[in-house]
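To start, the structure itself, in structure tokens.
Proteins come first, then strands; the chains are lettered A, B, ... in the order of their sequence lines, and each starts at number 1. No hydrogens, no waters, no symmetry mates; every other heavy atom, side chains included, goes into these values.
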Protein chains: 2
Amino acid sequence: MNTEHRSGCPINLSLEVFGDRWSLIILRDMIFGGRRHFRELLNGSLEGIASNILADRLKRLMELGLLTKADDPSHKQKAIYSLTEMAITLVPIMAHLGAWGRVWLPVSEELSIRAELLEKGGPPLWEQFMDELRHEHLGLPAKTPPGTPGVRAQLQAAYEAVVARKAESATA
Amino acid sequence: MNTEHRSGCPINLSLEVFGDRWSLIILRDMIFGGRRHFRELLNGSLEGIASNILADRLKRLMELGLLTKADDPSHKQKAIYSLTEMAITLVPIMAHLGAWGRVWLPVSEELSIRAELLEKGGPPLWEQFMDELRHEHLGLPAKTPPGTPGVRAQLQAAYEAVVARKAESATA
DNA sequence: TACAACCGATTGCGAAATGCAATCAGATTG
DNA sequence: CAATCTGATTGCATTTCGCAATCGGTTGTA
């Protein structure tokens, strides 16, 4: 990890981590999209990240301590990327960024429904989501009873409902 | 303003605004440092921004609607930059970014005291600070009685107290 | 046992961004 | 009237970005 910093200001240091156009996009897709593999991140990216950029950022995020990499037992070539606690605690920042973007930027309806729900759910929902991520990525025991619908699943279902509604109204 | 976007995702669109190493630093210095002039931003920057980068980012932030520029009546060459409501509503994001950085990154004590106070003050303090910024930058009536110490002044005083204490303990 | 599809990357290369240094013309100050 | 300060601008070398093609190895299928 590079130890040369422009200053010891928390905002500056955070910016040195996220001050590029792709790092946070990758984390977004892992957190909200549930993606764990290189190809999932590469092909699932709405914004069309290039493979060399993805490889570079994954490496960088690992060096910074935001991700870890492990072998996939089902496939000798596959690597599974996991969020660390450091990355999981970005959920509130993601929620705020999404809320801000929803107010001030030309967001699309289907892609902002997640941000809307996350904003309405507030800190309690964020905590629940973070516990869910800790369970999935860090192997911690689940805090919700088995069978409880996960936060990501709820967000995904809401997204799909909007897409379905828009498709229906377009053909009606 | 450029209308070509990679996607309509709120987080992506926010990243298209802040996904560089300087834009948020400039806004930080305006919000927390109270800087309004080109030279103040240029020379006061801890991170040492170059003048051409500063000029470019100020222009870009104006095009994006985060800043406005006005003539300084006291000096025909001076320009005063003001935050818009769009920029003022970044305060909670700044607070979260600072709090996250304080936990996970090698921040310096004197530069993180502001983030600590902002975190402890929570949303009520953020709201008070935003009202203060609306008064200073948008000309809205102050919501606090005249004479009340401003949030920025409190943060600045706390910063200076830490600096003074560290200087004293160094010479003791 | 072929063979296509898929795996996580890597390389080449042109374009764009970065950042340092020097400079600018006009306004103000001493 | 000279020095300083104002918000920039320009030139230029370096670095970063990002698209396209490709890599060697693994897996599934016929």
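One can place CZ of A/R21 at 15 Å from C1' of C/dA15, the figure rounded to the nearest angstrom. C/dA25 atom C1' lies 18 Å from atom NZ of B/K78, rounded to whole Å. To the nearest angstrom, C1' of C/dA17 lies 16 Å from CD of B/E16. The nearest whole Å value for the distance from the NZ atom in A/K76 to the C1' atom in D/dT27 is 11 Å. In this entry the distance linking CG of A/D20 with P of D/dC17 reads 6 Å, nearest Å. In this structure, B/I25 places its CD1 atom 15 Å from C1' of C/dG19, rounding to the nearest Å. Atom P of nucleotide C/dC7 and atom NZ of A/K69 are separated by 15 Å, given to the nearest angstrom.
Side-chain N/O atoms of A/W22 include one lying less than 4.0 angstrom from OP1 or OP2 on D/dG18.
Nearest-nucleotide mapping onto DNA chain D: of A/H75 and A/G19, the residue sitting toward the 5' end is A/G19.
Contact of B/Q77 with C/dG26 (side chain to base): a donor-acceptor pair of N or O atoms is detected under 3.5 Å.
No engagement by B/K59 is indicated, since no non-hydrogen atom pair under 4.0 Å with the nucleic acid exists.
Of the residues in residues 29-56 of chain B, those placing a heavy atom less than 4.0 Å from an atom of DNA chain C are B/A50, B/S51, B/N52, B/I53, in numerical order.
A/M94 is connected to A/L125 through a chain of hydrophobic side-chain contacts under 4.5 Å among Ile, Leu, Val, Met, Phe, Trp and Tyr, so both are in one cluster. Using a 4.5 Å cut-off between side-chain heavy atoms of Ile, Leu, Val, Met, Phe, Trp and Tyr, with links allowed through other members, B/I80 and B/F32 fall into different hydrophobic clusters.
Under 4.0 Å is where a charged nitrogen must lie from a carboxylate oxygen, and between A/E109 and A/R102 no such pair does.
Between the A/S23 side chain and the A/D20 main chain, no donor and acceptor come within less than 3.5 Å of each other.
Smallest separation of non-hydrogen atoms from A/G101 and A/V107: O-CG1, 3.5 Å.
Geometrically, B/R6 engages A/W22 in a cation-pi contact, judged by NZ or CZ lying under 6.0 Å from the ring centre and within 45° of the ring axis.
B/E132 and B/Q128 share no side-chain donor-acceptor pair at under 3.5 Å.
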